[in-house]
Protein chains: 2
Amino acid sequence: MNELKHMACVPCAEAGSPLAADEIDRLRQELPDWEVVTEEGMVRLRRTFTFPDFGQALAFTNRVGELAEAEGHHPRLVTEWGRVTVEWWTHSAGGLHRNDFIMAARTGGLHEG
Amino acid sequence: MNELKHMACVPCAEAGSPLAADEIDRLRQELPDWEVVTEEGMVRLRRTFTFPDFGQALAFTNRVGELAEAEGHHPRLVTEWGRVTVEWWTHSAGGLHRNDFIMAARTGGLHEG
């Protein structure tokens with residue numbers, strides 16, 4: 001069972017240091033659809049979601065945006081015709097925090113409906 | 001006077017070949033805030049707009065999305081905390097079409113209000 005999607009983020013101010021590689025590996029097993037990538041010097045979780053048109057892609061961007069605002073933790077959202085790419089990381093931690101895995105799991109839940 | 005922002009796109013099916021370099025140079029003079037970049041083998045117009053928070057960035061993404069839907073021509077929209085990066089190009093033309101300059105000018109108009 002994927003428990004991450006039922007969790008809330010801890011405040012970013014308490015985020016502390018990034019997760020160690022073995023913790024990332026363990027948490028990734030719960031999120032097999034997400035890649036771990038490094039961009040602009042920060043390790044991030046990335047996943048591309050596909051849609052039949054631009055409007056539905058933009059609607060998903062808005063659903064993820066609402067979640068982000070509710071939790072006070074914000075992703076990078078790339079909206080294109082037929083797809084949205086979502087990246088989660090924690091700037092204040094300098095990489096991936098447990099929060100990012102929680103948000104990734106909840107993002108996946110928004111897509112599943 | 002910037003006339004581009006008052007124009008509508010021609011249908012993409014009629015888009016034809018991309019603009020030549022000298023035409024791009026001429027049209028760019030009307031859009032000094034936009035960069036010409038090449039990504040994934042396509043020349044594109046790119047501009048980053050800044051905002052005081054995530055919510056206002058996402059609201060701008062939606063305004064550009066509405067314009068895109070109205071014209072049937074769709075950009076790449078990168079929404080992050082405090083900024084939105086917009087890229088316009090014409091896939092069917094294999095690069096930049098006059099439509100992209102029109103859409104870029106109109107995107108700038110949305111930001112100016």
Side-chain angles (χ1 to χ4, degrees), chain A residues 9 11-13 15 37 39-42 44-95 97 99-100 103-104 106-107 110, chain B residues 9 11-13 15 37 39-42 44-95 97 99-100 103-104 106-107 110:
Chain A
C9 289
C12 277
V37 299
E39 201 159 308
E40 295 177 18
M42 297 255 183
R44 307 167 180 213
L45 290 173
R46 177 188 290 162
R47 181 173 169 188
T48 297
F49 298 86
T50 58
F51 302 91
D53 57 29
F54 182 83
Q56 290 183 57
L58 184 57
F60 183 71
T61 290
N62 279 292
R63 289 201 297 280
V64 180
E66 273 177 40
L67 168 65
E69 289 285 73
E71 290 290 342
H73 187 42
H74 299 93
R76 181 172 187 263
L77 292 162
V78 183
T79 311
E80 297 168 280
W81 196 97
R83 64 181 182 175
V84 177
T85 300
V86 184
E87 289 177 8
W88 288 105
W89 76 100
T90 299
H91 197 86
S92 62
H97 184 274
N99 284 349
D100 300 304
M103 295 302 270
R106 293 179 66 183
T107 301
L110 292 176
Chain B
C9 290
C12 277
V37 299
E39 201 159 306
E40 296 177 17
M42 297 256 183
R44 306 167 181 215
L45 290 172
R46 178 188 290 163
R47 181 174 169 187
T48 298
F49 298 86
T50 57
F51 303 91
D53 57 29
F54 182 83
Q56 290 183 58
L58 184 57
F60 182 71
T61 290
N62 278 291
R63 288 201 296 280
V64 180
E66 273 177 41
L67 168 65
E69 289 285 74
E71 290 290 342
H73 187 42
H74 299 92
R76 181 172 187 263
L77 292 162
V78 183
T79 311
E80 298 168 279
W81 195 97
R83 64 181 182 175
V84 177
T85 301
V86 184
E87 289 177 8
W88 288 104
W89 76 99
T90 299
H91 197 86
S92 62
H97 184 274
N99 284 348
D100 300 305
M103 295 303 269
R106 294 179 66 183
T107 301
L110 293 176

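The figures here come from the full heavy-atom set of this structure, side chains too, leaving out hydrogens, waters and symmetry mates. Sequence lines set the chain letters: A, B, ... in the order given, protein chains first and strands last, and positions in each chain run from 1.
Between A:His74 and B:Phe54, the ring planes are tilted. Angles from 30° to 60° get that label.
Under the 4.5 Å side-chain criterion, counting only non-hydrogen atoms from C-beta, B:Leu77 is not in contact with A:Leu77. Under the 4.5 Å side-chain criterion, counting only non-hydrogen atoms from C-beta, B:Arg76 is not in contact with A:Thr79.
Between A:Glu69 atom CD and B:Trp81 atom CH2 the span is 10.0 Å, to the nearest 0.5 Å. Atom CG of B:Leu58 sits about 7.5 Å away from atom OG1 of A:Thr61, to the nearest 0.5 Å.
The candidate with the highest count of non-hydrogen atom pairs below 4.5 Å against chain A, out of B:Thr85, B:Val84, B:Asn62, is B:Asn62.
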